[in-house]
Trainee: 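Pasting a structure below so you can have a look.
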Amino acid sequence: MFKEIPHTADVALYVESTTYKGLFYDAALGLIAISDIDVSNESSIYELFYKDKAYDKETLFVNWLNFIIYQLDSNLYLFDSKISIHRNSIISRCYFRNYKKRNLLIKSATYHNLKIVKLKNLIQTCIVFDV
Amino acid sequence: MEINRIDEFIYEIPLDANKKMNVPARFFADPKQLDIISKDESLKQLVNVATLPGIIGYSLAMPDIHQGYGFPIGGVAAFDTDDGIISPGGVGYDINCGIRLNITNWNRNEIAKFLKNIVEDIYNSIPLGTGKGSLLKLTKRQFEQLVVNGIDWAIENGYATEKDKYHIEDQGQLPVIDLSGVSEKAIERGNSEIGSLGSGNHFIEIGYVSTIYDEDVANKLGLFKNQIVIWIHTGSRGYGHQICSDFVRDYQSVSKKYGIELVDRGLACAPFNSKEGQMYYNAMNSAANFAFVNRQIIAQKIEEVFQTYSRKIKPLKFELLYDLAHNIAKVEKHTVQGKNKKLVVHRKGATRCLPRDKVSGPFSSIGQPVLVPGSMGTASYVLLGDAYALNLSFGSSCHGAGRILSRSQAKREINSKELKENLEKQGIIIKTPSMSSLSEEAPQAYKDVETVVTVVQNLRIANVISKLKPLAVIKG
């Protein structure tokens, strides 16, 4: 689950899920939602393999979202993904399509106050994007 | 949080606001904007900056302060080059996002009946919006020469004149010794976006000089009443974004390596004199050089469009008044408590602002121009650096009006179509590739720029010379 939260100059998302892979996937969907794209269901499907190992979960998370932003800059949006996360590593098979138009350009995911919090049955975080 | 008013327009947050603060925090504000400033997280962010190692004097913010990420927007922080740090978050993702003001010899009446066509032609000539697009095709080697040499590269390749160079902050070239910190991805992104405007708050505006407050100085700047002027607001595009992303990521572990405790990971930094610090400094400077050239190339394209109308109007003179950076960290010499110090001054959403005795070249008799664009549809200002800029703010001034509404709130509360109609009723042409995001940049989403400018004027940081009003806005 994701929802946009107020931020004066940029945009921010609250994301929660019961699993890390759910958190990463929902954050990517939230990012695409705030990018406000006009989707095209007629576009070809592009499959990309993404692999990363990071310093910690937060860095893994920011790297993942910056990967999605990079694809958005290449006119591709994520519509499905099979994600596997183990400690601070991620392996993902991602499926992208071209979009027709994007209304908001996001420059980067930021580390501002970023903390991924694991509760008993829930993992949650807030992420600020620079626009 | 305790906030002490220590002067009419100066507020201070004392050291005990956070036990990790190394210096107090100070911000400049009109008392009637204090409520707005206190509403978001910007003052907390200002305090956070005060915890960074090697910070000198105060963690400062200009009157257009608002919430950013890591550092607040409008923030200024100076660090000792010997034992201080450099922070990519203190510069921002759009390195050398900046503003440029070109002036012409045409007046408002002369352009009136051609304005709509001119706007259309500019809109069709310059890549803008959220997509990619470039006015130039360069090899990787040529691109590297561009980012190392900045405006000198533009002069050599016919995109700028020698005169332009002296009307650009630091003559449009910041020092780059090596590009080892620049990733292939950054080069690839930058090389596909040379001469592009981008989106968000980036814009091209055709305006006119509406009021002159100091006739003599305005003359020296080449400004006259009803004169047609062109603003360009953009930065280093994907090249700068990628460099910042790369270093913010790498600095998460670098900060730890050097034992720097961070109160917010957005403040990730490295000692300025470390290998990692110098790698970012060089990469950041190369992005600043890219941005200077980016604005120069866009201006040249606009000049070409204007030129096509010169037969119908009159022979065109199209000159650069000034071009400056809003997001940058620069090594500068300052006097601190009577001692000369070399500092790395971070300005994130702030403008360098030097009084006349600190400026060489064409502005040595009047001071450095400080350009303050207002929000879409409102007035903008030309100021000159004044006597107290160095004492109060390490030679820094405000950079704009400063946001008050979040983008989502602006979208919810303001209808883009109605906004466009209202602005057009006021005689302002609006052109944008994305109507849905127009409301994000509505005047209601920003503070009153006049109040912001009055603060720096009253503090004698900068002196207002002229007010300019918009005739047409191309929003990216």
Trainee: State, with a plain yes or no, whether a side-chain heavy atom of B:Glu440 is found less than 4.5 Å away from one of A:Leu104.
Mentor: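 A side-chain contact exists here, since the closest heavy-atom pair is under 4.5 Å.
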Trainee: Using non-hydrogen atoms and a 4.5 Å limit, figure out which bit of B:Ser436 sits close to chain A: side chain, backbone, both or neither.
Mentor: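 Side chain of B:Ser436 only, per the 4.5 Å heavy-atom cut-off to chain A.
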Trainee: Report the option among A:Asp73, A:Val128, A:Thr59 that has the most heavy-atom pairs separated by less than 4.5 Å from atoms of chain B.
Mentor: A:Asp73
Trainee: More than 12 foreign heavy atoms under 6.0 Å from CG of A:Asp38: is that the case here?
Mentor: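 Enclosed.
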Trainee: For a side-chain contact (heavy atoms from CB on, under 4.5 Å) check, start with the C-alpha distance between B:Arg189 and A:Tyr70, then their side-chain angles and the critical distance, and finish with the verdict.
Mentor: CA-CA 9 Å; B:Arg189 291 180 77 177; A:Tyr70 185 76; 3.8 Å; yes
Trainee: Of the listed residues (A:Val131, A:Leu114, A:Asn113), which shares the most heavy-atom pairs with chain B below a 4.5 Å separation?
Mentor: A:Asn113
Trainee: Looking at B:Ser245, B:Gly200, B:Ala268, which one has more heavy-atom pairs under 4.5 Å with chain A than the rest?
Mentor: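 Highest number of pairs under 4.5 Å: B:Ser245.
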Trainee: What part of B:Gln252 gets closer than 4.5 Å to chain A, counting heavy atoms only: side chain, backbone, both or neither?
Mentor: both
Trainee: Classify the side-chain pair B:Tyr69/A:Asp130 by whether it contains a donor and acceptor separated by less than 3.5 Å.
Mentor: yes
Trainee: Using 4.0 Å as the upper bound for N to carboxylate O, is an ion pair formed by A:Asp36 and B:Lys411?
Mentor: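 Salt bridge between B:Lys411 and A:Asp36, a charged N being under 4.0 Å from a carboxylate O: yes.
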Trainee: Of the backbone (N, CA, C, O) and the side chain (C-beta and beyond), which part of B:Leu262 lies under 4.5 Å from a heavy atom of chain A, both, or neither?
Mentor: neither
Trainee: Flag the pair B:Arg265 and A:Asp56 as a salt bridge only when some basic side-chain nitrogen lies within less than 4.0 angstrom of an acidic carboxylate oxygen.
Mentor: yes
Trainee: Side chain from CB out, backbone as N, CA, C, O: work out which of these in B:Lys39 comes under 4.5 Å of a heavy atom of chain A, or both, or neither.
Mentor: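 Neither part; nothing is under 4.5 Å.
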Trainee: Carefully, step by step, assess A:Thr8 and B:Ser406 under the rule side-chain hydrogen bond (donor to acceptor under 3.5 Å, both in side chains).
Mentor: CA-CA 4 Å; A:Thr8 316; B:Ser406 71; over 6 Å; no
Trainee: Counting only heavy atoms closer than 4.5 Å, note whether A:Lys101 contacts chain B via side chain, backbone, both or neither.
Mentor: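 The side chain, not the backbone.
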Trainee: Minimum heavy-atom separation for A:Tyr111 to B:Asp264, with atom names?
Mentor: O-OD1, 3.5 Å
Trainee: With only heavy atoms counted, which part of B:Glu193 is less than 4.5 Å from chain A, the side chain, the backbone, both or neither?
Mentor: neither
Trainee: Is a side-chain donor or acceptor of A:His7 paired with a backbone partner of B:Gly68 at a separation under 3.5 angstrom?
Mentor: yes
Trainee: May I ask you to decide if A:Ala9's main-chain N or O and B:Arg407's side chain share a donor-acceptor pair within less than 3.5 Å?
Mentor: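 Yes, because the side chain of B:Arg407 sits within donor-acceptor range (under 3.5 Å) of the backbone of A:Ala9.
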Trainee: What part of A:Ala109 gets closer than 4.5 Å to chain B, counting heavy atoms only: side chain, backbone, both or neither?
Mentor: backbone
Trainee: Check for a donor-acceptor pair, side chain of A:Lys107 on one end and backbone N or O of B:Gln242 on the other, with a separation under 3.5 Å.
Mentor: no
Trainee: Between A:Asn103 and B:Ser434, is any side-chain donor less than 3.5 angstrom from a side-chain acceptor?
Mentor: yes
Trainee: Is it the case that the side chain of A:His112 and the backbone of B:Gly266 share a donor-acceptor pair, with hydrogens and angles ignored and the cut-off at 3.5 Å?
Mentor: no
Trainee: For A:Arg102, does its backbone N or O pair with a side-chain atom of B:Thr130 as donor and acceptor, under 3.5 Å?
Mentor: yes
Trainee: Which one of B:Lys185, B:Gln45, B:Glu41 has the most heavy-atom pairs closer than 4.5 Å to chain A?
Mentor: B:Lys185
Trainee: Counting only heavy atoms from other residues, nucleotides and ligands, does the tally under 6.0 Å from CD of B:Glu261 exceed 12?
Mentor: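 Not buried by this count: 12 neighbours or fewer within 6.0 Å.
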Trainee: Return the CZ to OH distance between A:Phe129 and B:Tyr93, rounded to the nearest 0.5 Å.
Mentor: 10.5 Å
Trainee: At a 4.5 Å cut-off on heavy atoms, which part of A:Asn75 comes close to chain B: side chain, backbone, both, or neither?
Mentor: neither
Trainee: For residues B:His241 and A:Ser108, determine if any side-chain heavy atom of one lies less than 4.5 Å from a side-chain heavy atom of the other.
Mentor: no
